[in-house]
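Report on the following structure.
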Amino acid sequence: MSGILNSTIGRKFAMALSALFLMIFLLQHFAINILSVFSEDLFNEASHFMGTFWAVQFILQPILIFGVIFHFAMGFVLEIKNNRARQISYAKNNGSANSTWMSRNMIWSGLAILAFLVLHFIDFWAPEMNIKYFKGDMSGLIDPDNVNSGFRYYEELVHKFENPLRVGAYVIAFVFLALHLLHGFMSAFQSIGANNKYTKGLKGFAKVYAIGLPLGFIFIALFHHFTAH
């Protein structure tokens with residue numbers, strides 16, 4: 001593995017694989033969160049399953065955390081390597097003539113997403129880990145002593161989105177995610193060699209994914225913010 005990461009092509013390939021993995025996770029995460037718009041019970045049941053099923057907690061969750069850390073770390077490494085490799089004369093070139101704004105600013109959109117992930121972990125992941133593994137409550141109930149009290153997941157989600165500042169931060173973060181994905185989606189497929197007769201269709205799907213998914217998350221945040229009042 002270390003041998004692969006010693007070359008630029010190897011690093012780009014590894015980063016592309018981590019990007020594809022994270023994009024699949026985003027789709028799965030959205031599929032569960034959108035349930036909160038249509039059915040409180042379905043959202044609670046799906047969240048409880050994901051939060052207690054052993055394979056998710058002890059296999060998929062550590063892989064996800066590693067994937068997130070690896071993707072951002074590799075992004076910073078590639079950015080540093082690219083900056084060092086550029087010739088001085090490159091500064092005289094008009095970069096905007098040969099590349100998009102998204103491709104030239106992937107590091108900044110990535111940093112904005114990383115800041116959002118820290119907020120998201122503080123909002124949802126850290127409190128959940130505290131309840132389950134430090135307090136020892138795996139029930140997922142609002143009141144662990146009352147089995148009829150109902151699951152807490154929907155209530156916690158709605159409560160988080162009552163704060164307009166938090167909702168604003170989420171909206172801005174997902175705008176940056178869309179910008180990041182608009183370049184990153186196709187870049188990931190190109191890095192693994194997916195450049196063939198399906199490229200045109202893949203580009204169309206990439207745009208739908210890169211714009212549609214962040215808009216979906218924005219819709220969820222705004223929906224709960226306004227319906228909570």
Side-chain angles (χ1 to χ4, degrees), residues 5-30 33 61-86 90-91 93-129 160-161 163-192 206-207 209-222:
L5 297 181
N6 284 334
S7 69
T8 300
I9 294 176
R11 286 190 290 267
K12 287 184 176 180
F13 185 82
M15 187 175 182
L17 290 180
S18 67
L20 293 173
F21 168 72
L22 293 177
M23 285 188 283
I24 293 172
F25 164 75
L26 274 175
L27 197 58
Q28 173 267 324
H29 195 46
F30 173 75
N33 283 2
Q61 187 167 252
I63 292 174
L64 173 62
I65 293 172
F66 172 79
V68 170
I69 295 173
F70 179 86
H71 184 74
F72 281 100
M74 193 56 56
F76 294 135
V77 169
L78 284 170
E79 181 70 13
I80 293 170
K81 295 286 185 181
N82 289 340
N83 286 336
R84 289 177 178 175
R86 286 171 183 154
Y90 178 81
N93 294 332
N94 182 10
S96 61
N98 302 312
S99 60
T100 64
W101 183 92
M102 285 85 75
S103 65
R104 297 193 307 275
N105 293 278
M106 288 292 282
I107 189 68
W108 300 112
S109 59
L111 284 170
I113 296 167
L114 182 60
F116 162 73
L117 283 176
V118 172
L119 171 64
H120 193 57
F121 271 43
I122 292 172
D123 271 352
F124 293 100
W125 188 79
E128 187 67 12
M129 294 300 104
K160 293 296 184 182
F161 288 133
N163 188 329
L165 293 178
R166 181 179 280 105
V167 172
Y170 271 64
V171 169
I172 292 171
F174 282 115
V175 169
F176 275 106
L177 177 62
L179 294 173
H180 198 77
L181 288 172
L182 279 169
H183 173 73
F185 192 109
M186 281 306 302
S187 178
F189 276 99
Q190 289 171 358
S191 294
I192 62 174
K207 288 182 179 179
Y209 181 97
I211 297 173
L213 197 70
L215 280 178
F217 279 110
I218 289 172
F219 169 74
I220 293 170
L222 294 176

Go through the structure and list residues passing side chain to side chain donor-acceptor pair (under 3.5 Å) with His71, not counting sequence neighbours. Ser18

Distance flag, aromatic centroids of Phe217 and Tyr170, threshold under 6.0 Å: no

Is Gln190 close to Lys12 at the side-chain level, that is, under 4.5 Å between some pair of heavy atoms? no

May I ask you to check whether Phe176 and Phe116 place their ring centres under 6.0 Å from each other? no

Contact summary for Gly110 and His180, nearest pair of heavy atoms: N-ND1, 3.6 Å

Between Val167 and Lys160, is any pair of side-chain heavy atoms under 4.5 Å apart? no

Which pair of heavy atoms, one from Phe70 and one from Met15, lies closest together, and at what distance? CE2-N, 4.3 Å

Under the side chain to side chain donor-acceptor pair (under 3.5 Å) test, which residues partner Gln28, sequence neighbours left out? none

Rounding to 0.5 Å, atoms CD1 (Ile107) and CD (Glu79) come to a distance of 5.0 Å

Output the distance between atom CZ (Phe25) and atom CD (Gln61), rounded to the nearest 0.5 Å. 9.0 Å

Report the distance from atom CG of Leu78 to atom CE of Met106, rounding to the nearest 0.5 Å. 10.5 Å

Minimal non-hydrogen separation, Ser191 against Phe13, with atom names: O-CD1, 3.6 Å

Would a 4.5 Å heavy-atom cut-off, applied to side chains only, mark Leu117 and Phe72 as touching? yes

Can you find a heavy atom in the side chain of Leu20 that is under 4.5 Å from one in the side chain of Phe189? yes

Residues at least two apart in sequence or cross-chain that pass side chain to side chain contact (heavy atoms under 4.5 Å, CB included) with Phe21, listed by chain then number, are Ile63, Leu64

Flag side-chain contact, heavy atom, 4.5 Å: Leu215 against Phe174: no

First locate atom CD1 of Ile211, then atom CG of Leu181, and finally report the distance between them rounded to the nearest 0.5 Å. 10.0 Å

What is the minimum heavy-atom distance between Gly67 and Leu22, and which atoms define it? O-CD1, 4.0 Å

For Asn163 versus Leu165, what's the shortest heavy-atom pair and its separation? OD1-N, 2.8 Å

Here the gap from His120 atom NE2 to Trp125 atom CH2, rounded to the nearest 0.5 Å, amounts to 11.5 Å

Nearest heavy-atom neighbours spanning Ala210 and Leu182: CB-N, 3.6 Å

